[in-house]
Amino acid sequence: MGIIQYGDDPSTEFNLKTYSNSKDLKNAIEKILQKGGLSNVGRALSFVNKNFFDDSNGNRGGAPNVAIVMVDGWPTDKVEEASRLARESGINIFFVTIEGPDENEKQNVIEPNFVDKAVCRTNGYYSINVPSWFSLHKIVQPLVKRVCDSDRLACSKTCLNSADIGFVIDGSSSVGTGNFRTILQFVANISKEFEISDTDTRIGAVQYTYEQRLEFSFDKYHNKQDVLNAIKRINYWSGGTSTGAAINYAFEQLFSKSKPNKRKIMILITDGRSYDDVRGPATAAHHNGVIAYSIGIAWAAQDELEAIATDPDREHSFFVDEFDSLYRFVPRIIQNICTEFNSQPRN
């Protein structure tokens, strides 16, 4: 546990590893002197996001990051953007507001509904309003219970809520209309396994033949149903097969615009050998942090699938003889994405 005090500017009173027992922690809290000044909550949240949950300050990778923000009245700066960035970093923000503005004072609030704009979910779980400082003690146990319920900490990073996933879909003539709909169902079946929002996993899609078309970008849709509807609306193109150019296009149109704290995952689906080189574009994508999965069907070339896929190939490259068998790989792909995520060090 650590404490940051804020007024005009935030400062760390002590960090997560300063005290290792409750007695020393309590003594340190009692010695904190009030700063005074404004109530710049947004600035404080930016400070927390950039500085507080570092490994050097005692952060433990496997433990959820939680920030309990106490606000007297209302913030004197904007909190929405700072809160969004903190949430995207996996910080679970709880807001405790004490003696909020009355009807006459609401005109002085810089950012209306600032609590809803700050917390991880606007369902009341992450926010508590206390009418008076005298009743602050009453919320201690309810708040502790919420913080300790790790299954409900929606902003903690998991394999299902922290990626930008770009589907690169072969729309060549050999696929055909019916099989193309089967591919789209496969794309939808993978997508529906993820928690989709502007701060959780985001989905984008590119279709290609000789040419490439951006079907929708990562920032186009912000909930699962809209993404699934958009997948259904993708129209079959028909044409040649330039997979290498499609990988370059997907990187430029999707992954170059990924958020820094998102894992970049490309899932490429093709049914044939490419007319152009795939090795160069795939290598460039790998070097730029893209985790690539290749899904081959029917006449897809095994050597190209392996070149496209991130190493080890056996975990990132899959082949089926028939389009109707695609669905079998959905659980394995999800499992591999999660296994890989859980094996990586992270805050």
Side-chain angles (χ1 to χ4, degrees), residues 165-194 203-216 227-228 230-251 254-255 265-283 285-286 290-337 340:
I165 301 177
F167 291 94
V168 182
I169 305 167
D170 183 348
S172 61
S173 300
S174 57
V175 174
T177 304
N179 289 332
F180 188 75
R181 304 319 298 179
T182 302
I183 290 176
L184 294 185
Q185 186 59 56
F186 173 73
V187 170
N189 288 343
I190 292 176
S191 299
K192 67 175 60 171
E193 295 296 321
F194 291 87
I203 305 292
V206 164
Q207 184 182 174
Y208 74 96
T209 57
Y210 282 129
E211 301 176 282
Q212 310 85 37
R213 183 167 73 197
L214 179 65
E215 299 293 352
F216 54 90
V227 166
L228 296 178
I231 293 169
K232 287 181 182 178
R233 291 194 298 268
I234 295 175
N235 292 317
Y236 175 49
W237 206 356
S238 185
T241 310
S242 294
T243 305
I247 294 171
N248 284 334
Y249 181 84
F251 183 81
L254 292 176
F255 297 109
I265 298 175
M266 177 177 73
I267 300 177
L268 185 143
I269 306 140
T270 183
D271 81 326
R273 180 173 287 279
S274 178
Y275 295 155
D276 63 357
D277 172 61
V278 302
R279 295 179 183 276
T283 299
H286 298 162
V290 176
I291 301 167
Y293 287 80
S294 59
I295 317 297
I297 311 138
W299 303 280
Q302 189 64 40
D303 61 322
E304 291 185 347
L305 296 177
E306 292 177 358
I308 293 166
T310 296
D311 291 332
D313 295 338
R314 66 182 181 277
E315 295 177 5
H316 298 88
S317 181
F318 305 92
F319 179 84
V320 291
D321 291 321
E322 298 178 348
F323 286 86
D324 288 341
S325 298
L326 274 173
Y327 73 94
R328 297 177 183 173
F329 285 124
V330 172
R332 188 172 169 192
I333 291 169
I334 300 300
Q335 181 182 13
N336 287 3
I337 287 173
E340 192 166 43

Any donor-acceptor pair under 3.5 Å from [X] side chain to [Y] backbone:
X      : Y      : answer
Gln207 : Trp237 : yes
Glu215 : Ala230 : no
His316 : Thr310 : yes
Arg181 : Lys232 : yes
Glu304 : Ser274 : yes
Tyr249 : Leu214 : yes

Exercise for the section: Tell me, with the steps shown, if Asn189 and Gln185 meet side-chain hydrogen bond (donor to acceptor under 3.5 Å, both in side chains). Expected result: CA-CA 6 Å; Asn189 288 343; Gln185 186 59 56; 2.9 Å; yes
What is the minimum heavy-atom distance between [X] and [Y], and which atoms define it?
X      : Y      : answer
Leu254 : Gly166 : CD1-CA, 4.0 Å
Phe186 : Leu326 : CE1-O, 3.4 Å
Ala307 : Val278 : CB-CG2, 4.3 Å
Asn235 : Phe180 : C-CE2, 4.0 Å
Ala250 : Val168 : CB-CG2, 3.6 Å
Phe167 : Ser191 : CE1-OG, 3.4 Å

For the atom pair [atom1] ([X]) and [atom2] ([Y]), what is the distance rounded to the nearest 0.5 Å?
X      : Y      : atom1 : atom2 : answer
Met266 : His286 : CE    : NE2   : 6.0 Å
Ile231 : Ile183 : CD1   : CD1   : 12.5 Å
Ile334 : Lys192 : CD1   : NZ    : 11.5 Å
Ile265 : Ile203 : CD1   : CD1   : 9.0 Å
Asp277 : Asn248 : CG    : CG    : 9.5 Å
Ile247 : Ile308 : CD1   : CD1   : 4.5 Å

Exercise for the section: Would you mind reporting whether Leu305 and Thr270 have side-chain heavy atoms less than 4.5 Å apart? Expected result: yes
Exercise for the section: Kindly indicate whether the side chain of Tyr327, heavy atoms from C-beta on, has any atom under 4.5 Å from the side chain of Thr182. Expected result: no
Problem - Matching residue for Asp170 among Leu268, Thr209, Asn179, Asp271 - test: side chain to side chain contact (heavy atoms under 4.5 Å, CB included) - result: Asp271
Handout entry: side chain to side chain contact (heavy atoms under 4.5 Å, CB included) partner of Ile169, chosen from Val206, Ile295, Val187
Key = Val187
Practice task
Assess the side chains of Ser173 and Ser238: does a donor N or O sit below 3.5 Å from an acceptor N or O?
Solution key: yes
Problem - Between Tyr208 and Thr243: side-chain donor-acceptor atoms closer than 3.5 Å - result: yes
Handout entry: Working for side chain to side chain contact (heavy atoms under 4.5 Å, CB included), residues Phe329 and Ile190
Key = CA-CA 9 Å; Phe329 285 124; Ile190 292 176; over 6 Å; no
Practice task
With side chain to side chain contact (heavy atoms under 4.5 Å, CB included) as the test, would you mind laying out the steps for Gln302 and Ser317 before giving the verdict?
Solution key: CA-CA 9 Å; Gln302 189 64 40; Ser317 181; 4.1 Å; yes
Exercise for the section: Applying side chain to side chain contact (heavy atoms under 4.5 Å, CB included), run through Ile337 and Phe194 and close with a yes or a no. Expected result: CA-CA 11 Å; Ile337 287 173; Phe194 291 87; 4.0 Å; yes
Practice task
Measure the acute angle between the ring planes of Tyr293 and Phe318, then classify it against the limits of 30° and 60° as parallel, tilted or perpendicular.
Solution key: parallel
